[in-house]
Asker: 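One structure coming up, written as structure tokens, with questions to follow.
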Amino acid sequence: MAERLDVLIVGAGFSGMYMLVKCRELGLKSHVFEAGSGVGGTWYWNRYPGARVDIQSLDYCYGFDEQLEKEWRWSERYAPQPELLAYANHVADRYDLKKDISFNTRVTAADWDAGADGWNVTLDTGEVIAARFVVLATGCLSVPTDVTFPGIEDYKGTIYRTSRWPHDGVDFSGQRVGIIGTGSSAIQSIPIIAESAGHLTVFQRTPNFSMPAHNGPIPEEDFQEWLKDPRAFRARSRYTAGGFWNDPRDEAIAIHTPPQEIKAELERRWAWGGFRILNAFADQAIDPAANKIISDFVAAKIREQVKDPKVAELLTPKDHPFGTKRPCVDTGYYATYNRDNVSLVDLRADPLETFTATGIKTKHNSFDFDAVVLATGFDAMTGAIERIAIRGRTGETIQEHWAHGPETYLGLMVAGFPNMFLITGPGSPSVLTNMINSIEQHVDYVTEIIASLNGRQAGRIEATREAEQTWTDLVDQSAAMTLFPQANSWYMGANVPGKPRRFLAFTGGLHIYSDICNAVRDKGWEGFTIARGDQVLHDSHEFTSLPPPPDNMAPHLMEMAMGRVAKWMQDHGRV
Ligand code: FAD
Ligand code: N01
């Protein structure tokens, strides 16, 4: 590729594919590089049994083209991985995207070239490509953690990783299988593996909360509403905190509600399934007393489903408030422990010491396995970005810039790294939302930025350090207003040894975040420097685009949240 690109996109998941669509609309010369051999990102790599979405498929799909929306029919509420991958391929074929994607090609480095106002990007083929803009559509959950176990190299059975599952599937019929981890990937795969395995042993370090999906046909009420007006359906789900309609009750305060009413409301939401219970009460994510009410309700549901009270007790989370780790959505997870061929090992009481040639040895037991599944998670949000050797305008690397945790402006750009955009990057609502709506909001915004630069013949844009610091403080502060930092979660970087602890997403919600982004734009790209060669065309070091407080928040929450915001503003000399 001798000619310089306008836009080089890294990754061909839903982010990279949509970015390519938008670049083409602007007439930009753009190309995608993807490490895998096909499109789909998450849904290309994670082919483990039971993999499916935890947000209803009517919401978890592109909304940028009404025709595309209307011609695709999801087979069930929560589409399974093969259907999501088929959808990704359908989109790629429909917009003829694959001709501008190089598969099996990893981006290894990117260096800012000041003379050219652009990037030199190195591929694992050794080729170096010049590009004016780089878009990192590298995925928040695309790099498995480097977790390893003593003796694993001596193990003679087969090891599988949920996030790198063989493309032709795995037949566990009659086998002795072990699985390490009880996060979403494990919780989805355990019930299916148990159906065919001779025996399945689950190694659990920390239990998670999980809600039933009640998967099946799309609820008629939702389908009719979507059919009536897909645009209105989309607009409603986009302008919510989570990027999907989840029946929020902003006025409902658990600690002011009589117990029978609470129970009725939680039962109604539990029966609907999935994430509905997350929006039952406005105070549940910020007030420990309110949260305990929900945690206790879910704990009782676990006890109802698991026959052996000792196993139920082990499966009940006690170390984190409900919702502060990504809750799981399951199909028959807890009931799987009622099967004779499934057993649970509590690694807190019986720690894993080593793999052996034939299986796993814990402090008190040893187990022989034909296969072991690692469902051990991801180096989330920063992992894929930091694995590229990115060197910015001042010679600083991205790892150096993020030595104390990621700092970004709007989760979208990094000071010192001009013309480099992150899609759903750290500091944006991202993983706390229906990702497709967040992806579309980001890609649309990046497209607006590029169009605006081209309109004024500008060569580059960069977030100012001041704006980045102010935004990062706001992200930290809005996380501190919630119970999220109380969990040792991947949201906090706590699952990767040595990773700095910092809450990785903006907790203010996609709706508020979109308003902030729009205000930044309407103020002429507040917080950005825009330049052409040596000539600075626009230089704004401020970030003032905070929205007014939401008027639908219940009084005592408003007080609590505003008190904290006011303190933050005072501390930062903003009032
Ligand atoms: P990805 O789909 O992760 O794609 C990134 C791509 O970039 C990958 O294909 C990767 O190979 C490529 N890449 C990375 N680095 C490089 C490099 N250096 N060079 C070349 N290529 C590179 N979100 C939801 O909202 N709802 C859900 O129900 C949901 N379910 C999920 C289930 C699983 C099992 C997982 C792991 C995540 C889930 N997510 C869900 C989050 C999911 O990641 C997003 O919804 C979405 O698919 C992300 O799309 P993306 O294009 O941004 O990233
Ligand atoms: O990963 P996880 P995941 N020894 O980090 C354990 C999305 N997703 O792949 O908690 C023993 O949640 C670890 O234990 P602990 C979703 O956003 C969505 O399951 O650290 N155990 C934990 O139990 C999700 O949140 C879906 O004590 C070890 C598990 O491994 C995110 O992806 C499906 C260990 C990792 O759980 C990640 O989910 C799948 C060790 N050394 C994924 N190291 C949907 O449902 C780790 N563990 C849509």
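Heads up: numbering here begins at 1 and tracks the sequence. Basis for what follows: all heavy atoms, side chains included, without hydrogens, waters or symmetry-related copies. Atoms within a ligand are numbered from 1 in the order they appear, just like the ligands themselves.
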Asker: With a heavy-atom distance limit of 4.0 Å, tell me whether I436 approaches ligand 1 through its side chain, its backbone, both, or neither.
Answerer: neither
Asker: Between A137 and ligand 1, which part of the residue brings a heavy atom under 4.0 Å of the ligand: side chain, backbone, both or neither?
Answerer: backbone
Asker: Distance to the ring centre below 6.0 angstrom and angle to the axis at most 45 degrees; does that hold for R132 and W119?
Answerer: no
Asker: Tell me which part of W43 gets within contact of ligand 1: side chain, backbone, both or neither, using heavy atoms under 4.0 Å.
Answerer: side chain
Asker: Given that the side chain starts at C-beta and the backbone is N, CA, C, O, which of these parts of V431 lies under 4.0 Å from ligand 1, counting heavy atoms, or is it both or neither?
Answerer: neither
Asker: Do any nitrogen or oxygen atoms of N46 come within less than 3.5 Å of a nitrogen or oxygen of ligand 1?
Answerer: no
Asker: Less than 4.0 Å between a side-chain N and a carboxylate O, is that true for R387 and D379?
Answerer: yes
Asker: Distance to 0.1 Å, residue and atom name: give those for the protein heavy atom nearest to atom 42 (C) of ligand 1.
Answerer: T42 OG1, 3.4 Å
Asker: Can you tell me which portion of T182 lies within the under-4.0 Å heavy-atom range of ligand 2? Options are side chain, backbone, both, or neither.
Answerer: both
Asker: Would you indicate which of G40, G377, G41 comes nearest to atom 4 (O) of ligand 1 when only heavy atoms are counted?
Answerer: G41
Asker: List ligand 2 atoms under 4.0 Å from V53, heavy atoms only on the residue side.
Answerer: 48 (C)
Asker: Does ligand 2 have an atom under 4.0 Å from some heavy atom of F203?
Answerer: no
Asker: Looking at F506, F484, F378, which one forms a ring pair (Phe, Tyr, Trp, His ring centres under 6.0 Å) with Y491?
Answerer: F484
Asker: Nearest heavy atom to atom 3 (O) of ligand 1: which of A51, G425, S102, G139 does it belong to?
Answerer: G139
Asker: Going by distance alone, is a donor N or O of one side chain under 3.5 Å from an acceptor N or O of the other, for Y44 and S37?
Answerer: yes
Asker: Provide the number and element of each atom of ligand 2 under 4.0 Å from a heavy atom of F378.
Answerer: 9 (O), 37 (C)
Asker: What I want to know is whether V10 and ligand 1 share at least one N or O pair that is separated by under 3.5 angstrom.
Answerer: no
Asker: Can you figure out which of A35, G383, G36 has its heavy atom closest to atom 21 (N) of ligand 1?
Answerer: A35
Asker: Check R52 against ligand 2 and report side chain, backbone, both or neither, counting heavy atoms closer than 4.0 Å.
Answerer: backbone
Asker: Any salt bridge linking D330 with K301? Criterion: basic side-chain nitrogen under 4.0 Å from a carboxylate oxygen.
Answerer: no
Asker: Is ligand 2 less than 4.0 angstrom away from at least one heavy atom of R348?
Answerer: yes
Asker: Please work out whether any backbone atom (N, CA, C, O) or any side-chain heavy atom from C-beta onward of F275 is under 4.0 Å from ligand 1, and answer side chain, backbone, both or neither.
Answerer: neither
